[in-house]
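Right, one structure below, let's go through it.
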Amino acid sequence: MNKMPKWADAVLIPLISILLAFFFSGLVIWAIGKDPVVAIKTMVDGAFGSTSGISYTLYYATNFIFTGLAVAVAYHARLFNIGGEGQAMLGGLGVTLVCLAVPWPHWTLALPAAMIGGALFGAAWAFIPAWLQAKRGSHIVITTIMFNYIGAALLGYMLTRVLKVKGSMVTESARFPEGAHLPNFSEIFAPLGINFSPNAPANMAFFVALLCTFLFWILIWKTRLGYEIRAYGQSETAAKYAGIAPARIVIIAMLISGALAGLMAINNVMGEAERLIDNAVEGAGFIGIAVALMGRNHPIGILLAALLFGFLYQGGAELSFWESIPRELVVVIQALVIMFTGALDNMVRMPLEKIFVALGKDKKKEA
């Protein structure tokens, strides 16, 4: 029986953990001779104080929504997919091949095709670790980590030997055709009188991420497959007794997970760079793990956690630029948020459980 109400588990614990993380981050900033209040204000202004800052924040958040959802789908099936980084890389390759294969006349045609390409390549990269787990008992954590490195090597080969533009010294593919250009926020919101910077990277992929968040909720809580995934994740023995095939659930959950990670490429490859470049994922696959854990593997929580990490990324860049605070310190702040919301979750949870148990006993006595 849960000792706390659901709202406390979903909202109060992450909120207290985040406040603790920012408190200790402030101490670190103060220790190097900087003003923590000024630092936080700089981060908030840099992330939300202008349309350009908002655009960058939402661009990063879009990446983290995709990778956070990818981790969460697998986690509901008791699978820890650490391969989001490699699956997003291969998703970028799929998006690139689709965008370069056809002289697309308009983005409304290119986007669905690119989504299919990214999802298929991401799912394909998740299939082998899933099959090894389901059929051979290989641990999914080990195989997905290994496939991150294999994916990076494969992408490097493709960029230097296959997709590299002849005569160019840069390891990147050719630019996508004009018809594959996704509208950015400047183009989307200009008719509404909202002026975003034309160079800011947030684009149509943000709305695709929101759609995926909604579809994730429907899949996990409103479909038979979602019930089977959750049942298997809660108890493999009970799932077998109910006629659920474990190998089938492992493979399907990982295919969906890899597809979601691969879909990230429509944001960073198709939407922002408009070509495939080396290290385009930039660690978003690993940040997705923290986003899923912080969001309790629930779509609303994942969305909020992704926005938080988008804020940390963009605000941290502004902090490094304007306050001369080393970029490494920004990584420390991110690490503190991950540590308090993940590894030290019980440090906040256990005292709160005792408080709610005590409050419950008091109410019974009064009754």
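In this chain, numbering begins with 1 at the start of the sequence shown.
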Quiz prompt | Side-chain heavy atoms of Asn268 within contact of Met264, under 4.5 Å | solution = yes

Self-check item: Heavy-atom closest pair, residues Trp104 and Val98
Solution: NE1-O, 3.1 Å

Quiz prompt | Enclosure of Lys41 NZ (heavy-atom neighbours >12, cutoff 6.0 Å) | solution = no

Self-check item: Sub-6.0 Å ring centroid separation between Tyr313 and Phe64
Solution: yes

Quiz item: Do Asn195 and Thr51 come close enough that some side-chain heavy atom pair is under 4.5 Å?
Solution: no

Practice problem: Please confirm whether Phe311 and Phe48 have ring centers closer than 6.0 angstrom. | Solution: yes

Quiz item: Is any side-chain heavy atom of Ile82 closer than 4.5 Å to a side-chain heavy atom of Phe286?
Solution: yes

Quiz item: Hey, are the side chains of Glu236 and Arg78 touching, using non-hydrogen atoms and a 4.5 Å cut-off?
Solution: yes

Exercise. Could you pull out the closest heavy-atom pair between Ala306 and Val291, with the gap in Å?
Key: N-CG1, 3.9 Å

Quiz item: Is it the case that more than 12 heavy atoms not belonging to Met350 sit under 6.0 Å from its CE atom?
Solution: no

Practice problem: Count the heavy atoms belonging to other residues, nucleotides or ligands that lie under 6.0 Å from NE2 of His139, then report whether that count exceeds 12. | Solution: no

Practice problem: First locate atom CE of Met146, then atom CD1 of Ile128, and finally report the distance between them rounded to the nearest 0.5 Å. | Solution: 11.0 Å

Practice problem: Could you pull out the closest heavy-atom pair between Ile140 and Thr143, with the gap in Å? | Solution: O-OG1, 3.2 Å

Quiz item: In Å and rounded to the nearest 0.5 Å, what is the CZ to CZ distance from Phe340 to Phe22?
Solution: 12.0 Å

Quiz prompt | Rounded distance [0.5 Å steps], CG in Leu12 versus OG in Ser17 | solution = 9.0 Å

Practice problem: Check whether more than 12 heavy atoms from other residues, nucleotides or ligands sit under 6.0 Å from atom CD1 of Ile300, and answer yes or no. | Solution: no

Quiz item: Within the side chain of Thr171, is there an N or O that forms a donor-acceptor pair under 3.5 Å with the backbone of Leu159?
Solution: no

Practice problem: Evaluate the ring planes of His298 and Trp221, with Trp represented by its six-membered ring, and classify them as parallel (under 30°), tilted (30 to 60°) or perpendicular (over 60°). | Solution: tilted

Exercise. Please round to the nearest 0.5 Å and tell me the distance separating atom NZ of Lys164 and atom CD of Glu172.
Key: 10.0 Å

Quiz prompt | Test item: side-chain donor near acceptor, Gln87 and Asn81, under 3.5 Å | solution = yes

Practice problem: Check for a donor-acceptor pair, side chain of Ser257 on one end and backbone N or O of Ala253 on the other, with a separation under 3.5 Å. | Solution: no

Exercise. Output yes when a side-chain donor or acceptor of Thr160 lies under 3.5 Å from a complementary backbone atom of Tyr157, and no otherwise.
Key: yes

Exercise. Please say which of Ile302, Ile18, Leu304 ends up in a side chain to side chain contact (heavy atoms under 4.5 Å, CB included) with Met294.
Key: Ile18

Quiz item: Is atom CZ of Phe207 surrounded by more than 12 heavy atoms (other residues, nucleotides or ligands) closer than 6.0 Å?
Solution: yes

Quiz prompt | Residue pair His181 / Glu187, side-chain donor-acceptor N/O under 3.5 Å | solution = yes

Exercise. Go through Lys34 and Val38 one step at a time and tell me if the side chain to side chain contact (heavy atoms under 4.5 Å, CB included) criterion holds.
Key: CA-CA 8 Å; Lys34 300 291 184 178; Val38 173; over 6 Å; no

Quiz item: Between the side chain of Arg230 and the main-chain N/O of Ile220, is any donor-acceptor distance below 3.5 Å?
Solution: yes

Exercise. Identify the two heavy atoms, one from Pro201 and one from Glu272, that lie closest to each other, and give their separation to 0.1 Å.
Key: CB-CG, 3.5 Å

Quiz prompt | Non-hydrogen side-chain atoms of Leu225 and Glu228 separated by less than 4.5 Å | solution = yes

Quiz prompt | pair Ile333-Leu312: side-chain heavy atoms closer than 4.5 Å | solution = yes

Quiz item: Which pair of heavy atoms, one from Gly258 and one from Ala126, lies closest together, and at what distance?
Solution: CA-CB, 3.8 Å

Quiz item: Can you tell me if Thr42 uses its side chain to pair, donor with acceptor, with the backbone of Leu319 under 3.5 Å?
Solution: no

Quiz item: Could you state the interatomic distance from CG (Asn199) to OG (Ser186), rounded to the nearest 0.5 Å?
Solution: 8.5 Å

Quiz prompt | Inter-residue atom distance Met270.CE - Trp107.CH2, 0.5 Å rounding | solution = 9.0 Å

Quiz item: Are Asn267 and Asn63 linked by a side-chain donor-acceptor pair shorter than 3.5 Å?
Solution: yes

Quiz item: Within the distance-only criterion (no hydrogens, no angle test), does the side chain of Ser50 pair as donor or acceptor with the backbone N or O of Gly46 below 3.5 angstrom?
Solution: no

Exercise. Step by step, work out the side chain to side chain contact (heavy atoms under 4.5 Å, CB included) result for Leu111 and Val208.
Key: CA-CA 10 Å; Leu111 177 58; Val208 177; 4.3 Å; yes

Quiz item: For the side chain of Gln314 and the backbone of Ala47, is there at least one donor-acceptor N/O pair under 3.5 Å apart?
Solution: no

Exercise. Taking all heavy atoms of Leu155 and all of Met89, pick out the closest pair and write down the distance.
Key: CD1-O, 3.9 Å

Practice problem: Please tell me if the side chains of Val348 and Leu20 come closer than 4.5 Å, counting only heavy atoms from C-beta onward. | Solution: yes

Quiz item: Does Asn148 use its side chain to pair, donor to acceptor, with the backbone of Gly86 at less than 3.5 Å?
Solution: yes

Quiz item: Does the side chain of Arg275 come within less than 4.5 Å of Val269's, by heavy atoms?
Solution: no

Quiz item: Is Lys354 reaching over with its side chain to a backbone N or O of Ala358, donor-acceptor style, under 3.5 angstrom?
Solution: no

Quiz item: In terms of heavy-atom contacts, does CZ of Phe196 have more than 12 from other residues, nucleotides or ligands at under 6.0 Å?
Solution: yes

Quiz prompt | Aromatic plane relationship, Trp125 with Phe147 - under 30° parallel, 30 to 60° tilted, over 60° perpendicular | solution = perpendicular

